[in-house]
Number of protein chains: 2
Amino acid sequence: MGKPASPEAKPGATIYSVAEHAGVSIATVSRVLQGAAVVAEATRQKVLTAVDALGYVPLGAARSLAVRHHEAHGLVLPELSGPYYAELLMGFEARAAELDQSVVLVLTDSRTDLVAAVRQLATRVDAIAVFGSAAIPADVVRSLRAKKPVVVIAGEPHDGIEAVVAENVESARELAGHVLDHGRRRVLFVGDPDSGSDVRNRHAGYVAAHRDRGLDAAEPVRVALSEADGAAFARRLLAGEHEADALMCANDELALSIMTALQDAGRDVPGDVAVVGWDDVMTSRYVRPGLTTVRQPVHELGALAASRLHELVSGEPPREDAQMLPTQLVVRGSCGCT
Amino acid sequence: MGKPASPEAKPGATIYSVAEHAGVSIATVSRVLQGAAVVAEATRQKVLTAVDALGYVPLGAARSLAVRHHEAHGLVLPELSGPYYAELLMGFEARAAELDQSVVLVLTDSRTDLVAAVRQLATRVDAIAVFGSAAIPADVVRSLRAKKPVVVIAGEPHDGIEAVVAENVESARELAGHVLDHGRRRVLFVGDPDSGSDVRNRHAGYVAAHRDRGLDAAEPVRVALSEADGAAFARRLLAGEHEADALMCANDELALSIMTALQDAGRDVPGDVAVVGWDDVMTSRYVRPGLTTVRQPVHELGALAASRLHELVSGEPPREDAQMLPTQLVVRGSCGCT
DNA sequence: CTGTTAGCGCTTTCAA
DNA sequence: TTGAAAGCGCTAACAG
């Protein structure tokens with residue numbers, strides 16, 4: 001009795017074994033599988049029969065090597081908590097699927113060696129989309145760009161790397177204006193304008209809305225974008241460290257955690273202080289009062305990134321300036337509307 | 001003047017050009033890049049210099065072909081709305097990263113030809129994890145299994161395909177028991193036990209809790225798991241089509257939309273009717289009353305799937321029965337507790 | 001319509 | 001410590 005076969009042994013049918021089984025050449029097998037050239041119906045059937053008799057699964061790597069491209073797009077995102085990145089990914093994946101591209105995903109928050117991860121990614125895809133705040137050193141992105149098409153999502157275009165973004169400045173101006181027009185005179189911007197171009201532009205719109213009305217904008221309260229950061233800020237606000245009759249938060253997570261903390265402390269929202277956010281996450285519809293916020297076309301943004309990647313791979317030249325998708329103000333009760 | 005080079009032309013450095021530039025053989029280049037064999041320090045430096053002078057990016061496909069594996073795991077999920085799948089994916093990706101495996105993602109809701117998508121996936125990865133309710137025909141999964149390791153997440157093990165799951169029956173029994181012990185006597189199960197093993201097992205626990213107390217369980221109200229389905233059910237409940245003093249919903253989306261709809265109609269939750277869910281999504285902490293629910297170790301579930309895939313690829317035999325991760329009851333106010 | 005054959009770029013013996 | 005050379009499995013001319 002010989003050594004027992006590993007229970008996981010892969011049969012390992014190749015194009016050769018299929019050809020042999022079908023009594024044709026490997027070229028013919030390749031032709032029927034690619035569906036390209038014309039093959040006699042009888043021959044085609046023989047091949048197909050052989051294929052599933054042997055349970056043949058082509059080796060993608062061999063094809064990629066021969067055709068000299070991967071038929072895959074890379075996507076680099078910070079993480080997936082909250083609906084924003086997930087929705088972006090869904091849009092990206094859906095469009096990539098339409099274009100017959102696989103998507104290989106890298107989440108930077110789980111990586112210790114980000115640079116290595118991206119380099120490794122570049123090894124197996126034709127093009128890469130990177131989220132703006134994914135914290136990849138600019139020179140890494142640039143060197144990547146020298147080898148493969150790259151687009152940055154929600155970031156600034158630079159060095160021939162094109163960008164796709166959602167509109168921020170004008171909608172922020174509109175949102176801040178809306179709050180100001182409720183008669184609020186001390187509206188604080190909560191979020192760090194230096195943390196990325198999205199927040200920077202939202203802050204710019206906030207400042208513009210004040211300027212429009214001849215008002216002075218307060219200094220931004222620089223906090224990160226998580227629920228925990230919001231809760232911490234709420235405590236400081238409650239302790240009297242800040243004075244405000246309205247809060248314009250850089251995203252909904254922040255707005256939600258702050259609003260809830262204020263309510264739990266007995267403050268009235270929007271009576272004592274109005275709170276508005278950005279993103280229109282699911283929770284924003286459920287809380288009371290409903291959170292006034294801005295909805296971004298996140299799905300479309302992902303899809304656009306995938307489309308551009310494909311076009312760049314196809315040889316189209318990169319665009320000079322960012323493609324911008326429109327956003328939409330969603331007015332609910334937390335801003336002071338009834 | 002010749003034809004202008006495409007602005008997207010990839011330089012196309014290969015191991016040969018690097019070797020030439022460094023004045024060594026391609027074998028040596030390979031050795032320093034793999035870090036495997038010992039190479040004289042001086043030689044190593046020459047190679048490294050050449051590598052970034054040329055901006056060399058190895059071609060993954062060529063390596064895969066030579067080493068005969070992809071160093072990539074496939075993951076098939078239905079979609080990513082809501083935190084459940086996103087969290088699962090994060091867990092999977094993180095563990096895969098630790099194991100130096102790329103992850104290529106397929107979302108079935110965006111596919112018209114699911115079978116083709118999975119077949120195509122099999123072409124470029126070493127192993128595949130499929131979410132239980134991803135609606136892949138059983139025979140496709142089985143034929144896949146003949147070629148590569150497969151694990152199903154939150155499904156039943158079968159035909160040598162192993163499964164990883166979160167505990168459902170006992171926690172459902174505990175949850176239903178908790179509601180019953182609040183004195184509720186007409187608790188309805190909202191969700192379709194035939195839609196997948198998760199819901200089936202939650203329903204089984206619900207039935208068991210009744211049996212434990214010598215009570216009769218009502219027939220389940222078979223609805224799908226989205227917010228829209230919940231809202232539709234709420235309308236029917238409000239219209240008097242069902243009678244209940246408590247609702248045990250198959251997931252939080254359902255519970256949340258139902259609870260909100262009831263409240264909007266003036267019903268008191270939990271006074272008139274208690275509502276409990278499953279998953280502990282973010283919103284469940286924010287609504288008032290807080291939603292009583294069950295928290296699953298979703299991240300760990302994803303990580304476990306990735307681990308098993310890797311072990312299977314390494315030749316370990318598949319397990320007979322599902323590996324089960326414990327869940328945790330999260331009691332807030334919606335069940336009747338104060 | 002089908003077969004032969006030359007690579008695609010990399011890893012890995014085997015020698016030196 | 002290094003080089004030569006034989007593949008890995010597939011595609012795509014090129015012949016026939």
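Within every chain, numbering begins at 1; the chains are lettered A, B, ... in the order of the sequence lines, protein sequences first and strands thereafter.
Atom CZ of B:Arg31 is separated from atom P of C:dT11 by 11 Å (rounded to the nearest Å). Regarding A:Glu20, its CD atom lies at a distance of 14 Å from the P atom of D:dC10, rounded to whole Å. Distance B:Asp126 CG to D:dC8 P: 18 Å, rounded to the nearest Å. The distance between atom CZ of A:Arg63 and atom C1' of D:dG9, rounded to the nearest whole Å, is 12 Å. Rounded to whole Å, the distance from OH on A:Tyr56 to C1' on D:dG9 is 7 Å. Between the C1' atom of D:dC8 and the CZ atom of B:Arg124 lies a distance of 17 Å, rounded to the nearest Å. Here C:dA6 presents its P atom at 18 Å from CZ of A:Arg68, a figure rounded to the nearest Å. Between the C1' atom of D:dA12 and the CD1 atom of A:Ile26 lies a distance of 11 Å, rounded to the nearest Å.
The side chain of A:Thr28 lies closest to C:dG3, out of C:dC10, C:dG3, D:dC10. In the set D:dG9, D:dT11, C:dC10, the nucleotide with an atom closest to the side chain of A:Thr14 is D:dG9. Proximity note for B:Val38 (side chain, C-beta onward) versus C:dC10, C:dT11, D:dT1: the nearest is D:dT1. Nearest nucleotide to the side chain of B:Leu65, out of D:dT11, D:dT1, D:dC8: D:dC8. Side-chain proximity of B:Ala66 to C:dT12, D:dG7, C:dC8: nearest is D:dG7. For B:Ala62, taking side-chain heavy atoms from C-beta onward, the closest of the listed nucleotides D:dG9, C:dC10, C:dT2 is C:dC10.
Partner of A:Phe131 under the side chain to side chain contact (heavy atoms under 4.5 Å, CB included) criterion, out of A:Leu75, A:Val76, A:Leu88: A:Leu88 alone.
Taking the six-membered ring for Trp and the full ring otherwise, the centers of B:Tyr85 and B:Phe92 sit at least 6.0 Å from each other.
A donor atom on one side chain and an acceptor atom on the other are found under 3.5 Å apart for A:Glu93 and B:Ser110. Side-chain contact, A:Ser314 with A:Glu316: no donor N or O sits under 3.5 Å from an acceptor N or O.
In this structure, B:Ala27 reaches the bases: a heavy-atom distance under 4.0 Å links it to at least one base atom across the strands shown. Residue A:Val29 is out of contact with every strand shown, counting any heavy-atom pair closer than 4.0 Å.
For B:Tyr16 against C:dC10, a side-chain-to-base donor-acceptor contact under 3.5 Å is present.
In this structure A:Arg31 satisfies the salt bridge (charged side-chain N to carboxylate O under 4.0 Å, His left out) test with no other residue, sequence neighbours excluded.
Distances shown here put a side-chain N or O of A:Ser30 below 4.0 Å from the OP1 or OP2 atom of D:dT11. At the phosphate of C:dT2, OP1 or OP2 sits under 4.0 Å from a side-chain N or O atom of A:Thr43.
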